[in-house]
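Take a look at the following structure, please.
This chain uses plain numbering: 1 for the first residue, then up along the sequence.
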Amino acid sequence: MSTSMEQVARLLSEIPYIEAHPGISVHEVAKVFGISEDTVKADIRVAIYCGLPGGYPSDLIDVDLDVMQDEQALYMNNPTPLGRPLKLSGAETASLQVALMAVRAVADDQITQTVDSLMAKIASGLTSAIDVRVSTGEERIREGLAQAIRAAERVELTYDGHIRGMTTNPVVDPVEITVRGGVAYVTAYDVTGPGWRTYRLDRISNLSETGQSAVDHPGKPDPDSWSRSLAAAQTVRVQITQDATWITEYIPFLTWQALPGGVIEVTLPVVDPVWLVRLLLALGDSVRRVEPATSLVMAQDLARQALDVYTGLGVGDEGLPRQAKGSWNQMPISS
């Protein structure tokens, strides 16, 4: 459902767009504007009563409703003054400028000039400067990946995985560079895995040509699936010490606040509890509290099992990894 004001706002964009694309399908218009096909039809049925003062046939928007109903196609003729594109508001202009700045941060030479031209035109309508920062890594890495995608070439990455604490060298077929949350990623098929992976560009320290051609791989992941998963994720509050705040730079989080005693509380969206358990084990005694405590209990049990194995092998504290030396048994549990 939508209000009349929302419908008017849609019509001001839909009408010029449909007139510029005669015969466009109802499905395509719905896809472009992010609305349902029923909403498109409802808007068009209102549009036929809109036009210039006077209300004569030549003053109103003319739509072939029979073609829309039978063939799901749209043909529209407007009075001349209504064919002008909708002028953007200040907020809409700023939003478009921000989006273009993010695109430019990962654009290759083929589209940079076009983006710069559009940004220059939009900037004339802004009353204040806008600054956008996107983590895109080194320019040579970004350009190398863009070239590999265009030429369908297989490349080898040197990837610094901070969560796993290790550097790997996957051989991949890159297919797409995207920006999410101010961070640039490349979607690629890891032939050494094998499987689809998403790599942060600012964690790729080197890129080497393999001389091999990339091949098509089925099952490319939906780039928006992660955001839909996070929207339905469980929220977990984790209190950590200052030395573990690096997770806020590499893991999506919802809230962050400083607590007394140098403790930081971070609210994390958790889709897979096993992932959280592994994170807690990696952080070790840097974790102070977890709410709810389900994953913490699992992590404590696994940590105790690991300690029992070390004890059975006769390994003393000096031989234990830092994480295993944490005070897991004394860690408070909150439900």
Side-chain angles (χ1 to χ4, degrees), residues 34 91-92 94-99 101-103 105-106 128 130-137 160-165 178-187 197-203 221-303 322-323 326-328 330-335:
E92 291 169 334
S95 297
L96 183 57
Q97 184 79 332
V98 168
M101 292 171 115
V103 170
V106 294
S128 59
I130 295 176
D131 182 31
V132 175
R133 300 181 185 274
V134 180
S135 298
T136 60
D160 298 323
H162 286 263
I163 293 180
R164 295 183 179 179
T178 57
V179 176
R180 301 193 299 267
V183 178
Y185 300 86
V186 59
T187 300
R197 303 286 186 270
T198 301
Y199 301 94
R200 283 180 59 137
L201 264 62
D202 58 357
R203 294 186 196 167
D222 180 356
D224 295 325
S225 61
W226 72 280
S227 58
R228 290 195 294 269
S229 298
L230 292 184
Q234 177 191 18
T235 57
V236 177
R237 293 195 301 273
V238 180
Q239 295 182 9
I240 53 178
T241 53
Q242 290 284 348
D243 63 308
T245 55
W246 60 267
I247 68 171
T248 61
E249 301 178 14
Y250 300 101
I251 298 175
F253 67 94
L254 303 176
T255 62
W256 181 101
Q257 65 172 327
L259 301 178
V263 175
I264 305 299
E265 182 176 275
V266 182
T267 303
L268 302 174
V270 177
V271 178
D272 183 1
V274 175
W275 168 84
L276 180 59
V277 169
R278 291 175 177 172
L279 176 64
L280 295 175
L281 288 171
L283 295 176
D285 56 5
S286 296
V287 179
R288 288 292 177 261
R289 184 179 293 271
V290 180
E291 300 178 2
T294 306
S295 296
L296 177 58
V297 173
M298 295 173 61
Q300 288 176 321
D301 289 342
L302 288 173
R322 184 190 67 82
Q323 290 88 341
S327 51
W328 285 97
Q330 292 75 38
M331 186 179 299
I333 296 178
S334 299
S335 58

Output the distance between atom CG (L276) and atom CD (Q234), rounded to the nearest 0.5 Å.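 Rounded to the nearest 0.5 Å, the CG-CD separation comes out at 8.5 Å.
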
- Query: Is any side-chain heavy atom of V236 closer than 4.5 Å to a side-chain heavy atom of S295?
  - Reply: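 Of all side-chain heavy-atom pairs linking S295 with V236, none is under 4.5 Å.
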
Next item on the list: Any chance you could measure T248, atom OG1, to I240, atom CD1, to the nearest 0.5 Å?
Entry: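 If I round to the nearest 0.5 Å, the distance is 7.0 Å.
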
Self-check item: Residues, nucleotides or ligands: over 12 heavy atoms within 6.0 Å of R197 CZ
Solution: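 Atom CZ in R197 is packed in, count exceeds 12.
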
Return the set of residues passing side chain to side chain donor-acceptor pair (under 3.5 Å) with R237 (not counting sequence neighbours), or none when no residue passes.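 If we apply the side chain to side chain donor-acceptor pair (under 3.5 Å) test to R237, skipping adjacent residues, the hits are E291.
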
Taking distance alone, no hydrogens or angles, what donor-acceptor pairs closer than 3.5 Å link side-chain atoms of residues 254-271 to residues at least two apart or in another chain?
from	atom 1	to	atom 2	distance (Å)
T255	OG1	T267	OG1	2.5
Q257	NE2	E265	OE2	3.1
E265	OE1	Q239	NE2	3.0

- Flag side-chain contact, heavy atom, 4.5 Å: I247 against L283: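 The answer is yes, as the side chains (C-beta and beyond) meet within the 4.5 Å cut-off.
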
Can you name the residues that form a side chain to side chain donor-acceptor pair (under 3.5 Å) with T241, not counting sequence neighbours?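 Checked T241 against side chain to side chain donor-acceptor pair (under 3.5 Å); matches are D243.
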
